[in-house]
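First up is the structure itself, then whatever we jot down about it.
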Amino acid sequence: MRADGRPLTEPTDHPSSPGTALVVGASLAGLMTALTLSRAGVHVTLLERSDDTGRTGAALQVPDGLLERITGLPASQVPQPLAPGIQTWFAVHDALRAAIETNPIIELHQNTTVRKVGQDGQSAWVLTSDKQRITADLVIGADGHRSTVRRHIAPDHPDATFAGYVIWIGIADESAIGARRWPRDVAFLGDNDHTLLGYPLPGAEGSREPGSRRLGWAWYDSSRNGLLRSTGSVSGSVVRHSLMPAGIPSGTFRELAAQARELFPSPWKDAILDSIERRAVIGTPIAEYVPVRLATGRVAIVGDAAHVPTPMTGSGFAESLHDAEAIADAITDFGTTSTALHSYENARLRSARNLVQSGQGFSRSFARRAA
Ligand SMILES: Cc1cc2nc3c(=O)[nH]c(=O)nc-3n(C[C@H](O)[C@H](O)[C@H](O)COP(=O)(O)OP(=O)(O)OC[C@H]3O[C@@H](n4cnc5c(N)ncnc54)[C@H](O)[C@@H]3O)c2cc1C
């Protein structure tokens with residue numbers, strides 16, 4: 001069913017449309033891909049397993065005119081404009097969702113989990129957990145680092161691999177930390193086992209006025225692999241889930257607070273301590289995936305389903321945007337066909353592999369220090 005209770009239907013083609021696509025996963029890569037495909041005239045059904053995709057609050061570098069670029073709309077018609085520069089994951093997500101909601105040829109179905117993907121020469125389909133089969137010309141997997149669609153494309157290489165460290169993430173309000181000097185730029189701090197990436201952010205309403213801004217922080221920590229394994233967050237070489245605040249032991253919060261006092265200067269230390277006090281911290285074990293394929297026949301993958309770099313590359317989001325644009329360009333040239341997806345793979349595979357490999361040097365040396 002749709003979020004609004006209407007039954008789940010297949011995307012309907014129109015005589016003037018190049019065809020139909022199912023996009024699995026309505027987070028940033030899925031939302032951007034749905035928008036670029038619709039700009040190319042494709043009728044899209046987006047399938048999302050959760051009703052709230054609230055991710056880890058990473059900060060993302062937003063290029064100038066992002067919404068205009070992917071929707072093809074003039075700035076005056078973009079429903080929720082997004083300023084260029086560093087933005088929170090949530091700000092980017094909300095702006096993309098607003099663009100989806102006013103788009104007449106994109107249908108979003110939440111609470112819909114895809115279990116399996118199939119195809120023949122004429123079409124591709126998904127099977128959902130409530131046993132519905134939905135068919136379209138193409139299926140695009142934007143279902144993240146533990147992608148189900150990837151299993152169809154690369155059954156011999158289906159899993160991203162744990163990189164050997166966790167990132168603790170939080171955001172603090174300027175009013176709560178009362179910084180005397182506000183940082184102008186991204187900061188890199190830390191010692192051998194701990195690297196901190198700090199970034200100044202606008203306020204929740206996009207304001208950059210003093211008093212209403214925020215500080216985001218991402219703390220790379222290679223000393224907590226025992227905790228990740230004992231909580232089941234990492235099992236073998238596979239990352240299973242993030243550590244949400246309720247699953248982080250009080251003792252770990254106390255240790256993090258003590259280490260933050262010792263390792264980091266103000267205002268970053270204050271932002272971390274404020275987040276810890278509010279229990280507003282998420283720990284994400286980092287995974288990496290170097291793709292061997294991006295498409296098979298009428299099924300393709302984009303975003304973290306296709307390539308998972310360490311966030312240290314700062315490029316997962318930009319790379320997802322390139323995927324979304326490349327797949328729409330290929331469909332503009334070849335229609336909703338397997339030829340288009342083959343052309344997409346040719347355009348993107350080398351760059352996606354290079355991106356992930358560029359971060360593996362950092363991951364290997366950072367994780368090794370903890371081994
Ligand atoms: C801790 C962290 C920090 C990061 N920092 C940065 C950064 O600084 N800069 C940067 O550029 N990038 C960063 N990234 C990466 C960036 O956030 C992602 O590359 C980008 O958001 C694209 O993600 P995605 O949409 O492909 O995947 P996801 O955000 O994982 O979304 C996948 C979606 O698919 C849904 N889904 C999964 N399986 C199914 C299924 N079977 N059926 C239906 N729906 C399904 C999920 O619910 C989810 O909504 C970071 C990532 C992490 C984890």
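Only a predicted model underlies this, so the values are computations on that prediction, with no experimental measurement involved. Throughout, numbering of the chain's residues begins at 1 and tracks the sequence. In each ligand, atom 1 is the first atom listed, and ligand 1 is the first ligand listed.
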Report, in ascending order of atom number, the atoms of ligand 1 lying under 4.0 Å from any heavy atom of [X].
| X | value |
| --- | --- |
| A59 | 7 (C), 8 (O), 9 (N) |
| G303 | 26 (O) |
| G314 | 9 (N), 10 (C), 11 (O) |
| V24 | 42 (N), 43 (C) |
| L47 | 43 (C), 44 (N) |
| G316 | 10 (C), 11 (O), 12 (N), 19 (O) |
| D304 | 18 (C), 19 (O), 22 (C), 23 (O), 26 (O), 27 (O) |
| S320 | 22 (C) |

Taking NZ, NE, NH1 and NH2 as the nitrogens, is one of them in [X] or [Y] under 4.0 Å from a carboxylate oxygen of the other?
| X | Y | value |
| --- | --- | --- |
| D159 | R151 | yes |
| D221 | R224 | yes |
| E262 | K269 | no |
| D156 | R293 | yes |

Can you check salt bridge (charged side-chain N to carboxylate O under 4.0 Å, His left out) on E209 and R213, steps first, answer last?
CA-CA 7 Å; E209 287 300 309; R213 298 166 294 189; over 6 Å; no

With sequence neighbours excluded, tell me which residues meet ring pair (Phe, Tyr, Trp, His ring centres under 6.0 Å) with H241.
none

Any idea which part of [X] is under 4.0 Å from ligand 1, heavy-atom wise: side chain, backbone, both or neither?
| X | value |
| --- | --- |
| T148 | side chain |
| A218 | neither |
| A142 | backbone |

Return a yes/no value for [X]: is any of its N or O atoms, backbone included, closer than 3.5 angstrom to an N or O of ligand 1?
| X | value |
| --- | --- |
| A29 | yes |
| P311 | no |
| V114 | yes |
| I169 | no |
| T113 | no |
| T284 | no |
| V302 | no |

Apart from W168 itself, residues in the same hydrophobic cluster as defined by side-chain heavy atoms under 4.5 Å
F162, V166, I177, W182, L189, L196, L215, W217, W219, L227, L228, V234, V239, L243, I248, F253, L256, L263, F264, W268, I272, I276, V281

Close approach of V308 to ligand 1, heavy atoms, under 4.0 angstrom:
no

Would you say the side chain of E319 lies within less than 4.5 Å of the side chain of S351, judging by non-hydrogen atoms?
yes

Give the single entry among M32, H145, R49 that approaches atom 38 (N) of ligand 1 most closely by any heavy atom.
R49

